[in-house]
Amino acid sequence: MFYQELGQDDSLTLHTDLYQINMMYTYFKKGIAERNAVFEAYYRQEPFGNGYSVFAGLEHAILYLQNLHFKESDLEYLRQAVGYDDDFIDYLRHFEMKLTVRSMREGEIVFANEPLLQVEGPLAQCQLVETALLNIVNFQTLLATKAARVKLAVQGDGVMEFGTRRAQEADAALWGTRAAYIGGFDSTSNVRAGKLFGIPVSGTHAHSLVEAFGSEYEAFKAYAETHRDCVFLVDTYDTVRSGVPNAIRVAQEMGNKINFQGVRIDSGDMAYISKQVRRELDNAGFPAAKIYASNDLDETTITSLKMQGAKIDVWGIGTKYITAYDQPALGAVYKLVSIEDDQGRMRDTLKISSNAVKVSTPGKKQVWRISANTQKKNEGDWIARAGVDPRKFKSLYMFHPQYNYINKVVTDYTAEPLLKPIFENGQLIYEKPQLGDIKKFCAANLDGLWDEYKRSLNPQEYPVDLAQDLYDSKMNQIQDIRSKIIKGDAM
Ligand SMILES: Nc1ncnc2c1ncn2[C@@H]1O[C@H](COP(=O)(O)OP(=O)(O)OP(=O)(O)O)[C@@H](O)[C@H]1O
Ligand SMILES: O=P(O)(O)OC[C@H]1O[C@H](OP(=O)(O)OP(=O)(O)O)[C@H](O)[C@@H]1O
Ligand SMILES: O=C(O)c1cccnc1
């Protein structure tokens, strides 16, 4: 969202950390701003203890990259407030986005330690976009993953997204509800998201309607006289003694004039109350009326309510979804993996850490999804240098990059490259899919995953393996750096 409302000439180009522009300045002054570089974004651990994540954020990332240029007001701000010199300001004035971007598609099932997004092009440009791309992909991938967990928990029931009022501000509500739809929710209460993205909108009514009319009967009757589809909120005073009898009375009085869809409960013991409500609705001759439930629900509460035999048909999920309540950040990082040297050759780069999982994998890569032709399920993902094509091999040796004794040889497989071309030298070459197709793509991808990786509690670890030569060159590079440091050579 841009803030013209603040009376400012706003854009997302300055939606970056100052240190990115400070590094751009150094690259510019030292004459390496235009050197070719490759950065890759990945996260290190699945969120929520899940076995996979659902990639989302590409649509917003494309919008951001397409509009990347410095306005005069941006340049003026950088000159005055930060103090950059005229040469650099002039360089930024002529900035033209020339990046080549490859990315997972939205709705793709992705895993820790594999590149989700690869940005190649002038070093200074790659640096500028880090913050915004991580901001977008971290949030939307986290939320789409949460949505997929909720979708699994409801076991085929309907799920409505109710989070806007509790979201971390308006952008989070908007893109968060889009991620919800990708991950499996059916609709949103956010009308703007409906208009902008074509997500189905749906809703019931609030307690204020009942309070405004002073009685449940009057409120339900008024609503029924002004709407065809009716879901009455029955917990304002007493769900079983007052709310449900009033809903039934209005439904009976209105007959075919309304489509009595059901009632919503929003407090109390949802298992106990929903069973009573179901009995009352059935006894009154409304077996098709549904019970909607909301109140700080998430996949854990839903699973528990299912175990208790709660008679809930449609779930409204707000706060705990939109705020990713139990894990507020995905933690994806963006690392330089290759850079052009002064001879014009690409040199692989590596960031060392004492923590093995934090050592980056050098070199420009592609992620291949390997699926067995016999079972049509995924065998694992195989990360190789860009340009290597496992479709040309007869068999593939796959091994765990940390525990090498876990390995297998796969034959008769299909390999699909997951990082797809999005921008080529600044030109958008990706045909953006419709949101409905992204949602279907996500569901189909989940079908390709064994249940062992999909369960929400303690799932199996999905194989994300490195090609042998990539693994060897990573190990050699680590060894090389370590021996230089031990010898006291400058690094
Ligand atoms: N049978 C149940 N099993 C597990 N969790 C439940 C059950 N019923 C409700 N909950 C969850 O318990 C949490 C708190 O509900 P609680 O009954 O304490 O408050 P409440 O009914 O919302 O009270 P209030 O009247 O203030 O709204 C909510 O997240 C709700 O979804
Ligand atoms: O519980 P969540 O998962 O966050 O779902 C959204 C909540 O927002 C509404 O409550 P609120 O008290 O804001 O308004 P109301 O008067 O409609 O109950 C609704 O009744 C849900 O409880
Ligand atoms: O339509 C609803 O019932 C609704 C919408 C937003 C938040 N809570 C409930």
Side-chain angles (χ1 to χ4, degrees), residues 143 146-147 149-151 153-154 157-170 172-174 176-177 179-181 183 185-194 199-214 216 219-220 223-224 226-243 247 259-278 289-326 328:
L143 280 244
K146 182 87 177 156
R149 284 171 66 79
V150 170
K151 173 74 179 167
V154 301
D157 295 346
V159 199
M160 302 157 88
E161 196 282 320
F162 281 173
T164 297
R165 65 190 56 202
R166 307 270 151 64
Q168 265 75 345
E169 263 281 3
L174 191 70
T177 197
Y181 191 60
F185 281 41
D186 301 296
S187 65
T188 180
S189 61
N190 185 309
V191 183
R192 181 165 166 242
I199 303 171
V201 286
S202 67
T204 69
H205 68 79
H207 296 106
S208 49
L209 182 94
V210 175
E211 294 170 76
F213 281 90
E216 277 173 331
F220 296 167
Y223 195 86
T226 48
H227 293 85
R228 174 134 183 91
D229 292 333
C230 294
V231 178
F232 301 125
L233 174 62
V234 287
D235 76 329
T236 308
Y237 304 124
D238 185 313
T239 302
V240 176
R241 289 206 197 97
S242 167
N259 174 22
F260 176 47
Q261 292 181 320
V263 298
R264 174 162 72 98
I265 47 181
D266 188 44
S267 56
D269 184 325
M270 303 252 178
Y272 179 73
I273 290 177
S274 66
K275 289 177 203 169
Q276 285 189 303
V277 173
R278 182 74 272 155
K290 291 188 167 153
I291 299 177
Y292 295 62
S294 54
N295 188 14
D296 276 340
L297 295 168
D298 64 5
E299 67 274 31
T300 308
T301 323
I302 294 169
T303 303
S304 167
L305 287 166
K306 288 268 183 200
M307 276 172 51
Q308 296 167 60
K311 299 285 181 193
I312 295 166
D313 307 292
V314 184
W315 306 81
I317 320 283
T319 312
K320 290 196 169 163
Y321 165 71
I322 203 73
T323 63
Y325 204 77
D326 47 337

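The first residue in the sequence is number 1, and the count goes up from there. For ligands, and for the atoms within them, numbers begin at 1 and follow the listed sequence.
Applying the 4.0 Å criterion to heavy atoms of Asp296 picks out, from ligand 2, the atoms 1 (O), 2 (P), 3 (O). Numbered from 1 in the order shown, with element, the atoms of ligand 1 that lie under 4.0 Å from a heavy atom of Ser267 read 21 (O), 25 (O), 27 (O). Numbered from 1 in the order shown, with element, the atoms of ligand 1 that lie under 4.0 Å from a heavy atom of Asp296 read 29 (O). When each atom of ligand 2 is checked for a heavy atom of Ala206 under 4.0 Å away, the hits are 17 (O). In summary, the atoms of ligand 1 found under 4.0 Å from a heavy atom of Ala271, numbered by their order in the structure, are 1 (N). Atom numbering of ligand 1 starts at 1 in the shown order; those under 4.0 Å from a heavy atom of Leu297 are 31 (O).
For ligand 3, the 4.0 Å heavy-atom shell takes in Phe162, Arg165, Ser189, Gly203, Thr204, Arg264, ordered by chain and residue number.
Here atom 8 (O) of ligand 2 lies nearest to Arg165 when heavy atoms of His205, Arg165, Glu211 are compared. Here the shortest heavy-atom distance to atom 20 (O) of ligand 2, taken over Thr236, Leu209, Asp266, belongs to Asp266. By heavy-atom distance, the residue among Gln308, Met270, Lys320 lying nearest atom 4 (C) of ligand 1 is Gln308.
In this structure, Ser189 contributes its side chain and Glu161 its backbone to a donor-acceptor pair below 3.5 Å. At least one donor-acceptor pair closer than 3.5 Å links the side chain of Ser274 to the backbone N or O of Lys311. Here the side chain of Asp235 pairs a donor or acceptor atom with the backbone of Ser267 at under 3.5 angstrom. No side-chain donor-acceptor contact under 3.5 Å links Arg192 to the backbone of Ala170.
Residue Leu305 places no N or O, backbone or side chain, under 3.5 Å from any N or O of ligand 1. Considering backbone and side-chain atoms alike, Arg166 places an N or O below 3.5 Å from some N or O of ligand 2. Residue-to-ligand polar distances place Thr319 within reach of ligand 2: an N/O pair is separated by less than 3.5 Å. The shortest N or O to N or O distance between Thr301 and ligand 1 is not under 3.5 Å.
By the criterion of a heavy-atom distance under 4.0 Å, the side chain of Arg264, and not its backbone, is placed next to ligand 2. At a 4.0 Å heavy-atom cut-off, ligand 2 touches Asn295 through the backbone alone.
Annotation: Tyr223 is not in aromatic contact with Phe213 [ring centroid separation under 6.0 Å not met].
In terms of protein heavy-atom proximity, atom 15 (P) of ligand 2 is nearest to His207 ND1, 3.4 Å. With respect to atom 30 (C) of ligand 1, the closest heavy atom belonging to the protein is Asn295 O, 3.5 Å. The nearest heavy-atom contact from the protein to atom 3 (O) of ligand 2 is Gly318 N, 2.8 Å. Nearest protein neighbour of atom 6 (C) of ligand 2, counting heavy atoms only, is Phe162 CB, 3.8 Å.
Remark: atom 16 (P) of ligand 1 lies closer than 4.0 Å to no protein heavy atom. Protein heavy atoms are found less than 4.0 angstrom from atom 22 (O) of ligand 1.
The cationic atom of Lys320 (NZ for Lys, CZ for Arg) lies less than 6.0 Å from the six-membered ring centre of Tyr325 and within 45° of the ring axis.
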